[in-house]
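Report on the structure given below.
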Amino acid sequence: MLAENPRPLTAELMSARIYSPFAYPLPRHTQIVPIAAAEAERLGASFPIVWRKGPEGPQLVALRSLLPDGDGFAPGTAGVLALLPLVFQAYPFLLPERGEGEAEPRRMVDAAVPDEPNDAGAAITGADGRLSRGTELRLRALELYERDRPRTLAIGRAVEARGFLEPWPLRFDLGHGQRCEILDLFVVAQKTFDTPALAPLLAEFGVAAARLLGQHRLSLFRAGPLLAAAQGAVAARARGGAA
């Protein structure tokens, strides 16, 4: 769970104020973000869409930066709401969690401190007790992610079970004594696309898998702009330190 201080969404918190996702550190700086298959077309033109092993199997993720603090976004991608993965469009609301002995999962919220608010924010609920417009939009984004999550996990498990995944280690010299090493990412092997091996997968999952795999393969070319952006950010820091 991408959260600093996850808490159940109780009546006490309903009067809390929420801000733009970019007012909080996690949406601005998180380097690797889980996504749903339905997001691949929207995000794949800006970020590599790959897999990372997780407790439930291969997890589809967007690689937003080569720097661990999330600095060094490619030009035109930082601070753009349309390029935020759904889990961050929904922030500070989080995926529901089922507590011990509870039959129904509880809605969760990250009680994180917004370190860069640019407005007064809005309460989670209005004076009449109804959800504010901002709350509705965030919960809708979370619902979209939740709805597509089982299919996304199923495709990832099927790709792994058929032996299509291979490591995608990223090792780069960023200059000024800094290196990038991200060694836990996986991609569908290029040779898989050159044979009929994908046919059973496409037959099982249909157009959704075909579109995801196509966007995945094309998105890998976005590693180049990420490298240039990371090198530029490192160089800028070096210049700032020398000033």
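Along the sequence shown, residues carry numbers from 1.
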All heavy atoms of P21 vs all of R138, minimum pair found to be CD-NH2, 3.5 Å

Mark yes when over 12 heavy atoms from residues, nucleotides or ligands other than E12 sit less than 6.0 Å from its CD; otherwise mark no. no

With rounding to the nearest 0.5 Å, note down the distance linking CG in D71 to CG in L66. 11.5 Å

ILVMFWY network linking Y24 to V80, side-chain heavy atoms under 4.5 angstrom: no

Are V187 and L153 joined in one hydrophobic group, where the rule is that I, L, V, M, F, W and Y side chains link up if heavy atoms are under 4.5 Å apart? no

Short N-O contact, E166 and K191, less than 4.0 angstrom: no

If you compare all heavy atoms of A82 against all heavy atoms of Q89, which two are closest, and at what distance to 0.1 Å? O-NE2, 4.2 Å

Are side-chain heavy atoms of L86 and L142 found at a separation under 4.5 Å? no

What one should report as the nearest heavy-atom pair of G72 and A233 is CA-CB, 3.8 Å

Is the number of heavy atoms from other residues, nucleotides or ligands within 6.0 Å of CZ (R217) greater than 12? yes

Could you check whether any side-chain heavy atom of V188 comes within less than 4.5 Å of a side-chain heavy atom of H216, counting everything from C-beta outward? yes

I'd like to check R149 versus E56 (side-chain heavy atoms, cut-off strictly below 4.5 Å). Are they in contact? yes

Do you know the tightest heavy-atom contact between L83 and G76? CD1-O, 3.8 Å

Mind listing the side-chain donor-acceptor pairs of residues 112-134 below 3.5 Å, one per line with the distance, residues two or more places apart or on another chain?
residue, atom, partner, partner atom, Å
D115, OD1, R28, NH1, 3.0
D115, OD1, R28, NH2, 3.2
D115, OD2, R28, NH2, 2.9
D119, OD1, G121, N, 2.8
T125, OG1, M14, O, 3.1
D128, OD1, R130, N, 3.0
S132, OG, A123, O, 3.0
S132, OG, I124, O, 3.4
S132, OG, T135, N, 3.2
S132, OG, T135, OG1, 2.9

Any heavy-atom pair between the side chains of Y145 and P34 that's under 4.5 Å? yes

Any idea which heavy atoms bring E146 and P150 closest together, and the distance? O-CD, 3.2 Å

Does V61 share a hydrophobic cluster with L94, counting links as ILVMFWY side-chain heavy atoms below 4.5 Å and allowing steps through other members? no

In this structure, CD of Q231 is separated from CG of L67 (nearest 0.5 Å) by 10.0 Å

By side-chain hydrogen bond (donor to acceptor under 3.5 Å, both in side chains) - contacts of E160 (at least two apart): K53

Give every donor-acceptor pair under 3.5 Å between a side-chain atom in residues 220-230 and any protein atom, sequence neighbours left out.
residue, atom, partner, partner atom, Å
R222, NE, A45, O, 3.1

So, for L212 and A37, which heavy atoms are closest and what is the spacing to 0.1 Å? CD2-CB, 4.0 Å

Partners passing side chain to side chain contact (heavy atoms under 4.5 Å, CB included) against P8 (at least two apart in sequence or in another chain): T10, R106, M108

L2, I18: one ILVMFWY side-chain cluster at the under-4.5 Å cut-off? yes

Is a donor on one side and an acceptor on the other found under 3.5 Å between the side chain of D110 and the backbone of N5? yes

Taking the side chain as everything from C-beta on, heavy atoms only, tell me whether W168 gets closer than 4.5 Å to P48. yes

Between R64 and V33, is there a side-chain heavy-atom distance shorter than 4.5 Å? yes

Compare all side-chain heavy atoms of Q178 with those of H176 and state whether any distance is below 4.5 angstrom. no

State the CD1-CG distance between I49 and L218, to the nearest 0.5 angstrom. 11.5 Å

Expected output: side-chain R42 to main-chain L84 donor-acceptor under 3.5 Å: yes

Out of curiosity, L81 CG to F88 CZ, how far, rounded to the nearest 0.5 Å? 13.0 Å

Dump the intermediate steps for side chain to side chain contact (heavy atoms under 4.5 Å, CB included) on I182 and Q31, then the final yes or no. CA-CA 11 Å; I182 305 174; Q31 179 185 34; 3.4 Å; yes

Are F73 and L185 in one and the same hydrophobic cluster, where Ile, Leu, Val, Met, Phe, Trp and Tyr link if side-chain heavy atoms are under 4.5 Å apart? no

For D148 and R151, run salt bridge (Lys or Arg N to Asp or Glu O under 4.0 Å): C-alpha distance rounded to whole Å, both residues' side-chain angles, the deciding distance at 0.1 Å, then the answer. CA-CA 6 Å; D148 202 42; R151 179 183 66 167; 2.6 Å; yes

In Å and rounded to the nearest 0.5 Å, what is the CZ to CZ distance from R147 to R140? 10.5 Å

Going by side-chain hydrogen bond (donor to acceptor under 3.5 Å, both in side chains), name the residues that satisfy it together with R157, two or more places apart in sequence or in a different chain. none

Holding to side-chain hydrogen bond (donor to acceptor under 3.5 Å, both in side chains), I want the full list of residues that pass it with R17, two or more places apart in sequence or in another chain. none

Roughly how far apart are L139 CG and L9 CG, rounded to 0.5 Å? 8.0 Å

Is the backbone of R52 close enough, under 3.5 Å, to the side chain of Q59 for a donor and an acceptor to pair up by distance? no

Check the pair L201 / L213 against side chain to side chain contact (heavy atoms under 4.5 Å, CB included), numbers first and verdict last. CA-CA 10 Å; L201 185 75; L213 293 176; 3.7 Å; yes

Flag the pair L63 / L170 as yes when at least one side-chain heavy-atom distance between them is below 4.5 Å, and no otherwise. yes

